[in-house]
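Below you'll find the structure, written out as structure tokens, and then a few comments.
In what follows, chains are A, B, ... by sequence order, proteins preceding strands, each numbered from 1. Just the heavy atoms: all of them, side chains too, but no hydrogens, waters or symmetry mates, feed the values below.
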2 protein chains.
Amino acid sequence: MDSNDELGRRDRKKLETRAALERAALRLVAERGLADVTVEDIAGAVDVSSRTFFNYFPTKEDALIGGDPTAAADLCGKLTAVPAAVPALEALRLVLREAAVSIQEQREQWLLRLKVFEQNPSLLPRLVAGGTETERSLTAVVAGRFGAGRFGAGPDATEQAGAGPAAETDDGPTGDGHAELVTAVALTAFRVAMMRWSAAAGDPLLVDLLDDAFSRLSTGLPDPGPSVT
Amino acid sequence: MDSNDELGRRDRKKLETRAALERAALRLVAERGLADVTVEDIAGAVDVSSRTFFNYFPTKEDALIGGDPTAAADLCGKLTAVPAAVPALEALRLVLREAAVSIQEQREQWLLRLKVFEQNPSLLPRLVAGGTETERSLTAVVAGRFGAGRFGAGPDATEQAGAGPAAETDDGPTGDGHAELVTAVALTAFRVAMMRWSAAAGDPLLVDLLDDAFSRLSTGLPDPGPSVT
DNA sequence: TAAAACTTTGCATGACCTGAAATTTTTTGG
DNA sequence: CCAAAAAATTTCAGGTCATGCAAAGTTTTA
């Protein structure tokens, strides 16, 4: 799974520099707070020029988000791989579950990141923002599922993400908006699960919190009973 | 409903300046795009200094968000006014419905704003961000409802937003996170409804789109049937 | 080793945003 | 109506962010 093999020295150094910048940014901001860390501080901690920092990240905040840029495409790919017979919400749950697992594999880094986000509320939008990009792509795939499903297409999903006929995947904005709603709600559930996980210091399994949220979603979010125990 | 009466001339001028800055920002960005409008442009269009702009808005983007700062508190107040017997999701629907009505009352301004947001995706996070603040407050109120409900408290909700006993409203982060989930999902539904409304150029009633989204939420977001007509 | 491709860097520049002090406008009350 | 007080605006200085460009350095390829 480590896709950083079979790379020339140059690309390896690039990955390493990028990771080092992310680590330094996270550490420094956790220590001093976002406002008291300059780009020069971060670059200096890795011993590169501040100009180089901007060769890797468009903004200071982006270095804190981490998460490789391929994440969105990965999710879309995995979603198209789920048989079309599976309901959209369930399909999204399965895909997000995988993401949750990979986050748990980098437990410490993610807990630190989430703590930084809590302590610097101005970053929260960015976290959702990473979602903005992801949300658009996923929505297209979900819309494609509905389009295919409505015409009785089989579960052999050879259609590429967003490469399907425009008439179907495009009905999102102008159609009934169900794909948008399901996708947005699913990502929201993911975000809430992450916050809960962070608030509990990573004690329960993120995957379980995610399942919990989705189970509530699928039953229409009823109020918890007066005596649940 | 126009709460700008019974104000001295000074406060009226402040409101007017603020509104003028919002209008100018929205107009200019709609014309030229976010990147080609400087704070100085906006301030100049209203004939104030750029420093004055920053006395009203912390960032350039904030001028585009608009929406008076009392919105969050208003929502919370209205939510506490809903009888505790009403399920949380339904209560949120009722409250957000009122917000939707008031948005429809400023139809043109909001449609322009949403168009600007679509054309400048970097702003979308900010839209959700305005939500970040709102979401925190609303979550506390929702958690309070559960706390009160669980102990059989009557529907006479005299409790103030966030002023209730900490032991109950505070169980959000460490509890089962239901309040967080319901609130976040409800606001997401609101956002999706707004996007749909904008995409349809304000043709259907925003309120109807909102009801539609909530009705799907309460039934667990099932896939649309193959032949819905 | 030499050329090609790429990365890093320094420099210049403009926009963003803040604090502090000076100036102008508005309110207050005698 | 006129000062004094209060508040808003402006000017100014300064730090940080972010980008474009060209020079210098490094890695790859041949």
Just how far, in rounded Å, is P of C:dT24 from CZ of B:R10?
18 Å

Within the structure shown, what part of the strands sits under 4.0 Å from B:Y56 by heavy-atom distance: base, sugar-phosphate, or nothing?
sugar-phosphate

Please report the distance, rounded to the nearest Å, between CD in A:E61 and C1' in D:dT16.
12 Å

Would you mind checking if A:R191 and B:E135 are paired as a salt bridge, meaning a charged N to carboxylate O distance below 4.0 Å?
yes

Go through D:dT11, C:dC11, C:dT8 for me and flag the one nearest to the A:N55 side chain.
C:dT8

Restricting to pairs with a member in residues 17-50 of chain B, which pass ring-ring contact (aromatic ring centres under 6.0 Å, His included), not counting sequence neighbours?
none

Separation of D:dT26 atom C1' from A:R12 atom CZ, nearest Å, is 15 Å

Heavy-atom side-chain proximity of B:E118 to B:L123 below 4.5 angstrom:
no

Consider the side chain of A:T52, meaning its heavy atoms from C-beta on, and name the nucleotide among D:dT9, C:dT9, C:dA20 that approaches it most closely.
C:dT9

Between P of D:dA24 and CZ of A:R51, the distance in whole Å:
17 Å

Counting side-chain heavy atoms from C-beta on, which of C:dC16, D:dT9, D:dA18 comes nearest to B:K60?
C:dC16

Round to the nearest Å and state the distance from B:F57 atom CZ to C:dC16 atom P.
15 Å

Rounded distance in Å - CG (B:D62) to P (C:dT18):
10 Å

For A:R32 and D:dT16, give me the distance from atom CZ to atom P, rounded to whole Å.
12 Å

Considering every strand and a 4.0 Å limit on heavy-atom distances, what is the contact class for A:S50: base, sugar-phosphate, or nothing?
nothing

Salt bridge check: are A:E180 and B:R196 linked by an N-O gap of less than 4.0 Å?
no

Write down the distance between NZ (A:K14) and C1' (D:dT28), rounded to a whole number of angstrom.
14 Å

5'-most by nearest nucleotide on DNA chain D - B:K13 or A:F54
B:K13

Would you mind checking if B:E16 and B:R12 are paired as a salt bridge, meaning a charged N to carboxylate O distance below 4.0 Å?
no

